[in-house]
There are 2 protein chains.
Amino acid sequence: MSAIADVARLAGVAKATASRALSGRGYVSEETRRKVIEAAREIGYVASPNAASLVTGRTKSIGVIIPFISRWFFSEVLESMEQALLDEGYDMTLYNLPAPSPERERVFDYFLARKRFDGVISVGVALSDNEVNLLHRLGRPLVGIGGPIRGVHTIAIDDVACARLATEHLLSLGHTDIVHIGGSKEDEMDFQVHSNRLTGFYAAMDEAGLPSEGSGSFYACEFTMPGGYQVGQAVFGDPRTRPTAVFAASDEIAIGLIVAARELGIQVPADLSVIGIDGHPYADMFRLTTIEQHPRRQGRLAVLSLLAELETATPGEEDHLTVLPTNLVIRSSTSGPRPPHGG
Amino acid sequence: MSAIADVARLAGVAKATASRALSGRGYVSEETRRKVIEAAREIGYVASPNAASLVTGRTKSIGVIIPFISRWFFSEVLESMEQALLDEGYDMTLYNLPAPSPERERVFDYFLARKRFDGVISVGVALSDNEVNLLHRLGRPLVGIGGPIRGVHTIAIDDVACARLATEHLLSLGHTDIVHIGGSKEDEMDFQVHSNRLTGFYAAMDEAGLPSEGSGSFYACEFTMPGGYQVGQAVFGDPRTRPTAVFAASDEIAIGLIVAARELGIQVPADLSVIGIDGHPYADMFRLTTIEQHPRRQGRLAVLSLLAELETATPGEEDHLTVLPTNLVIRSSTSGPRPPHGG
DNA sequence: GCCGCCGCTGGAACCGGTTCCATGAAATGT
DNA sequence: ACATTTCATGGAACCGGTTCCAGCGGCGGC
């Protein structure tokens with residue numbers, strides 16, 4: 001359509017002056033600025049970001065690497081990042097990369113090397129040193145969400161502490177027969193989330209003098225509601241494996257467990273206490289006690305932190321870890337255990 | 001880093017030749033092509049899409065406008081579109097625009113006018129004529145998902161038919177006391193989805209000679225599981241308003257209803273049949289009878305259709321509506337009504 | 001009255017590709 | 001043998017901005 005040359009011609013100035021007037025860089029008299037802006041408005045001029053970024057190297061766009069879109073935590077983070085980027089005048093280019101794979105190699109080599117973005121936010125993805133280095137070489141800052149990446153500023157919650165707190169909540173209610181149901185260490189998407197929550201659980205159990213690692217108090221589970229439901233049916237269906245309390249690694253798992261328990265005629269919390277982690281919008285409806293982790297806050301902070309790094313051109317604090325607060329919300333899925341019958 | 005001029009120099013040819021060799025356009029001898037490609041590989045050359053799009057006008061990027069990210073249908077569509085675009089070598093730039101608002105005006109005027117994309121897919125968004133025209137003027141094709149937009153190729157399911165089918169399923173089981181619980185017509189996100197499903201419901205009831213519009217057989221509800229739960233508590237809690245069957249406008253609503261019913265001691269399906277629409281992954285776990293609408297298929301088709309339009313440079317069939325098939329999946333949340341007691 | 005600085009402006013180079021056009025060599029047709 | 005095509009290649013213009021640099025008028029200082 002209309003280029004800056006047209007604006008300049010209409011305003012009766014040179015391209016250079018028009019550019020300065022519109023971008024606000026360099027000396028322009030107040031009168032000239034008004035003329036140029038008026039001319040631009042008149043012909044509906046919109047600058048081509050392509051042309052600009054060709055010379056400035058800035059694209060006003062941020063790349064986001066994320067392994068899932070449809071899982072709660074990720075979609076919340078995504079939504080909040082989109083909002084924050086929009087507010088700051090940035091575009092968001094989305095790369096949904098399920099797992100380390102040839103697919104992902106391809107994206108890194110091809111898409112990311114084209115540097116169509118000023119920076120990258122990686123959500124819950126365990127980037128390899130190689131991948132981090134590639135971005136570094138391109139001079140593109142990187143901020144992570146969800147777990148430490150070597151040499152990268154990361155925003156996360158303290159998963160070990162959360163798990164410990166959740167377990168301690170159950171312990172403080174008097175439970176001794178507690179199991180943890182969550183993601184397994186071997187799970188490919190593990191970004192230390194699974195293992196950290198497991199670690200926190202074992203630590204709390206250990207401190208309470210209860211059987212921990214190796215005692216069979218952990219069941220691996222897909223990180224979804226049906227995953228929790230399935231494991232719940234198996235574990236609660238057999239009186240020999242049924243505990244009095246469960247710490248679930250996510251609210252969705254916890255809800256799946258609650259549904260399974262209800263179907264088996266097990267009273268929650270009278271017969272079984274359940275606690276989760278997340279602060280999922282469904283938690284309230286299932287009266288689930290949980291630890292809220294505020295993903296939207298994490299996403300927003302990641303964006304602001306990345307943009308700050310970009311705009312100050314400081315390399316940012318590498319290896320810096322920002323730990324965001326979480327909070328325990330007690331509803332009625334947890335209570336003290338039923339006194340042993342006949343006891 | 002390295003520009004095409006470096007590649008040309010290393011290969012001992014002119015920039016123009018190097019460009020032809022790498023892009024595959026125009027005449028280049030096989031030998032020269034090999035030399036250039038080898039040189040490019042050697043210095044790790046990656047073309048700058050900015051520079052290329054500056055002259056070709058193509059960005060190899062698609063803009064997506066979507067009102068929600070975290071709701072099931074939308075996240076599924078998004079994920080499938082991302083996948084399809086990646087496969088075809090396109091980037092996806094995401095614009096999450098909740099509702100018609102000044103916010104949205106701003107995005108249209110500012111972001112979209114910068115034409116950083118070759119085309120646009122709008123998911124479940126009722127674009128105004130103005131907005132459609134703006135895109136048209138920019139020469140960017142547009143494909144919609146979820147409801148007809150004037151002058152735009154749209155991919156959708158037949159919501160009226162789905163609702164009719166769902167209702168007929170309940171009727172065929174012998175139910176006569178049926179209510180519909182779903183989004184209200186006044187809901188701002190209505191993209192004819194709500195009203196179409198309501199229309200289909202009333203049509204089926206009408207045909208069966210049962211009370212339809214204006215008979216109080218419809219309850220408005222937020223389009224989420226807690227929304228369904230809340231309405232379920234209210235409607236099922238009062239024996240006077242409790243029907244024998246419910247057609248829920250979405251699976252999430254249906255599941256919320258089932259949870260509410262179970263808590264009230266109402267047997268599903270013996271006391272209450274429930275059918276939804278979606279094919280949500282949780283449906284199986286709640287044994288929910290539903291009509292599957294395959295959002296991933298919709299997303300994939302939208303991408304392929306848009307790219308085809310782009311690559312053939314045909315303006316596409318405007319006002320064309322592609323209706324994708326849906327299918328009824330019968331599980332055990334529906335059955336015949338309990339015979340009237342004392343009857 | 002002259003020098004130097006400041007504020008403002010225009011010309012031109014540049015970012016990194018693509019494409020038009022001219023040129024020349026080889027292959028084909030008559 | 002000569003006129004055409006066809007294929008290959010290089011030079012240069014161009015896409016639409018930004019930025020460097022030179023020039024110029026006005027003003028204050030000495």
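In the text below, chain A, chain B and the rest are named by the order of the sequence lines, each starting its count at 1.
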Before you tell me yes or no, could you show the steps for B:R297 and B:R300 under side chain to side chain contact (heavy atoms under 4.5 Å, CB included), namely the whole-Å CA-CA distance, both residues' side-chain angles and the distance that decides it to 0.1 Å? CA-CA 5 Å; B:R297 210 183 281 169; B:R300 198 179 148 65; 5.8 Å; no
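Closest to the B:L54 side chain, of the nucleotides C:dG17, C:dT19, C:dG16, is C:dG16. In this structure, the nucleotide among D:dT18, D:dT9, D:dG16 sitting nearest to the side chain of B:S29 is D:dT9. Of the candidates C:dT18, C:dT9, C:dG16, the closest approach to any side-chain atom of B:A52 belongs to C:dT18.
Side-chain contact, B:T59 with B:D118: a donor N or O sits under 3.5 Å from an acceptor N or O.
Two residues, B:T17 and A:T17, neighbour DNA chain C, and the one matched to the more 5' nucleotide by heavy-atom proximity is A:T17. Residue-to-nucleotide proximity on DNA chain D shows that, of B:V55 and B:Y27, the 5′-proximal contact is made by B:Y27.
Summarising the geometry, the separation between NZ on B:K35 and P on D:dA8 is reported as 13 Å, rounded to the nearest angstrom. Rounded to whole Å, atom P of D:dC15 lies 14 Å from atom CD1 of A:I4. Between the CG atom of B:L22 and the C1' atom of C:dT19 there is a distance of 15 Å, given to the nearest Å. Residue A:R34 contributes atom CZ, which lies 17 Å from atom C1' of C:dT9 at whole-angstrom precision. In this entry the distance linking NZ of B:K60 with C1' of C:dG16 reads 19 Å, nearest Å. The CZ atom of A:R9 sits 15 Å away from the C1' atom of C:dG10 (whole-angstrom rounding). One interatomic measurement links the two molecules: CD1 of B:I43 to C1' of C:dG16, which rounds to 13 Å at whole-angstrom precision. Protein atom CG of B:N50 is 17 Å distant from nucleotide atom P of D:dC15, rounded to whole Å.
Note on A:T32: only backbone sugar-phosphate atoms sit closer than 4.0 angstrom, heavy atoms only; bases stay farther off. Contacts of A:S19 with the nucleic acid, taken as non-hydrogen atoms under 4.0 Å apart, include base atoms. When heavy atoms are screened at a 4.0 angstrom cut-off, A:R25 is found touching the sugar-phosphate backbone but no base atom.
Contact of A:R20 with C:dG10 (side chain to base): a donor-acceptor pair of N or O atoms is detected under 3.5 Å. With hydrogens and angles ignored, a donor-acceptor pair under 3.5 angstrom links the side chain of B:K15 to the base of C:dG17.
Cation-pi geometry between B:R71 and B:F73 is not met at under 6.0 angstrom from the ring centre and within 45 degrees of the axis.
Applying the 4.0 Å criterion to OP1 and OP2 of D:dG17, one finds that A:Y45 has a side-chain N or O inside that range.
Between B:D91 and B:K60 there is no salt bridge, since no side-chain nitrogen of the basic residue lies less than 4.0 Å from a carboxylate oxygen of the acidic one. Residues A:E38 and A:R41 are paired through a salt bridge, judged by an N-O separation under 4.0 Å between the basic side chain and the carboxylate.
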